[in-house]
Amino acid sequence: DSPSFAMSMNESDRAAAHRQFSGECFNRTWELIDKQDRTPADDEQMLLRSLASLWHWTQRADCTDQHLSIGYWLVSRVYALLGQAENARRFGELSLKFSNGLSPFFRAYAHEALARAAMVAADKTLLDAHAAAARKLAADVAEPDEQSMLNADLEQLRLP
């Protein structure tokens, strides 16, 4: 029996691979999020990339609650785009869990994820509650570019 590829990597190589793929998968997920005419194959790749990014972050020694909050938020966003409200909610809740103790920007985005999941589920009560919590936190975001980006995302949250 020959050893598997992963087992043949030393710790330094493995750490470097996780560093590379956590960021690369995140950025490549955004390429598909921004794509106007995504195909079903693109949707599948978008989901796989978001999950791969999160997994690679969980394998990094330097993984923090902030990284996890962002990673879970990204997966929630992808599930919302795919119309999978329950998965979007589940990952949004994990984003919120890991955003506790972080700046208002990250806590607001966790609520944005939960509001987006509620929007997909057509749950106006939860949509309004999480959108209000996100807007309240957005007022405390000090960086103007971050506040602008957050507010733009919050403007998208409404039921048809």
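Numbers for residues simply follow the sequence, beginning at 1. All of these numbers come straight from a predicted model, not from anything done at the bench.
Every residue two or more places apart in sequence or in another chain that forms a side-chain contact (heavy atoms from CB on, under 4.5 Å) with Leu32 is listed here: Lys35, Arg38, Asp42, Gln45, Met46, Arg49.
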N/O donor-acceptor pairs under 3.5 Å from side chains in residues 147-154, not counting sequence neighbours:
| residue | atom | partner | partner atom | Å |
| --- | --- | --- | --- | --- |
| Gln147 | NE2 | Ala138 | O | 2.7 |
| Asn151 | ND2 | Gln147 | O | 3.2 |
| Asp153 | OD2 | Tyr109 | OH | 2.5 |

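Looking only at side-chain heavy atoms (C-beta outward), Arg60 and Arg19 come within less than 4.5 Å of each other. Contact of the Phe91 side chain with the Leu54 side chain is registered, since non-hydrogen atoms from C-beta on lie closer than 4.5 Å. A 4.5 Å side-chain heavy-atom check between Gln66 and Phe106 finds at least one atom pair inside the cut-off. Side chains of Ser99 and Asp65 form no contact here, defined as non-hydrogen atoms less than 4.5 Å apart. Side chains of Leu74 and Trp30 form a contact here, defined as non-hydrogen atoms less than 4.5 Å apart.
Residues Leu47 and Phe26 fall within the same hydrophobic cluster, defined by Ile, Leu, Val, Met, Phe, Trp and Tyr side chains chained together at heavy-atom separations under 4.5 Å. Leu114 and Leu102 end up in different hydrophobic clusters when Ile, Leu, Val, Met, Phe, Trp and Tyr side chains are linked at under 4.5 Å. The hydrophobic cluster containing Phe21 does not contain Val78, counting ILVMFWY residues as joined when their side-chain heavy atoms lie under 4.5 angstrom apart, directly or transitively. Hydrophobic clustering (side-chain heavy atoms under 4.5 Å, transitive across Ile, Leu, Val, Met, Phe, Trp, Tyr) keeps Leu48 apart from Leu82.
Summarising the geometry of Cys63 relative to Trp57, their closest heavy-atom pair is CB-O, 3.1 Å, with the distance given to 0.1 Å. Taking all atoms of both residues into account, the shortest heavy-atom contact from Ala118 to Leu127 is CB-N, 3.4 Å. Heavy atoms only, all atoms of each residue included: Ala115 and Ala131 are closest at CB-N, 3.7 Å. What you find for Asn10 and Asp13 is that their closest heavy atoms are OD1-N, 2.7 Å. Of all non-hydrogen atoms in Cys25 and Ala52, the two that sit nearest each other are SG-CB, 3.8 Å.
To the nearest 0.5 Å, atom CG of residue Leu137 and atom CZ of residue Phe105 are 12.0 Å apart. Taken to the nearest 0.5 Å, the CG atom of Asn87 stands 4.5 Å off from the OH atom of Tyr79. Here CD of Glu112 is found 12.0 Å from CG of Leu96. Values are rounded to the nearest 0.5 Å. Here the CG-CE distance, from Asp128 to Met119, works out to 12.0 Å after rounding to the nearest 0.5 Å. Here the OG atom belonging to Ser22 is positioned 7.5 Å from the CG atom belonging to Asp62, to the nearest 0.5 angstrom. To the nearest 0.5 angstrom, His67 atom NE2 is 4.0 Å from Thr64 atom OG1.
Here ring-ring contact (aromatic ring centres under 6.0 Å, His included) pairs that include residues 110-148, with residues two or more places apart or in two chains, are His111-His130.
Salt bridge Glu93/Arg90: absent, no basic N to carboxylate O contact under 4.0 Å.
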Should His18 and Trp55 be marked as a ring pair (Phe, Tyr, Trp, His ring centres under 6.0 Å) after you check the CA-CA gap, both sets of side-chain angles, and the distance that decides it? CA-CA 9 Å; His18 289 308; Trp55 182 78; 5.3 Å; yes

Applying side chain to side chain contact (heavy atoms under 4.5 Å, CB included), run through Val75 and Leu51 and close with a yes or a no. CA-CA 6 Å; Val75 175; Leu51 291 166; 3.8 Å; yes

Go through the steps to decide whether Phe98 and Ile70 satisfy the test side chain to side chain contact (heavy atoms under 4.5 Å, CB included), and finish with yes or no. CA-CA 9 Å; Phe98 285 100; Ile70 294 166; over 6 Å; no

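Judged by distance alone, the side chain of Thr29 and the main-chain N or O of Ser50 form a donor-acceptor pair under 3.5 Å. In this structure, His56 contributes its side chain and Ser53 its backbone to no donor-acceptor pair below 3.5 Å.
If you check the side chains of Ser76 and Arg116, you find no donor sitting under 3.5 Å from an acceptor.
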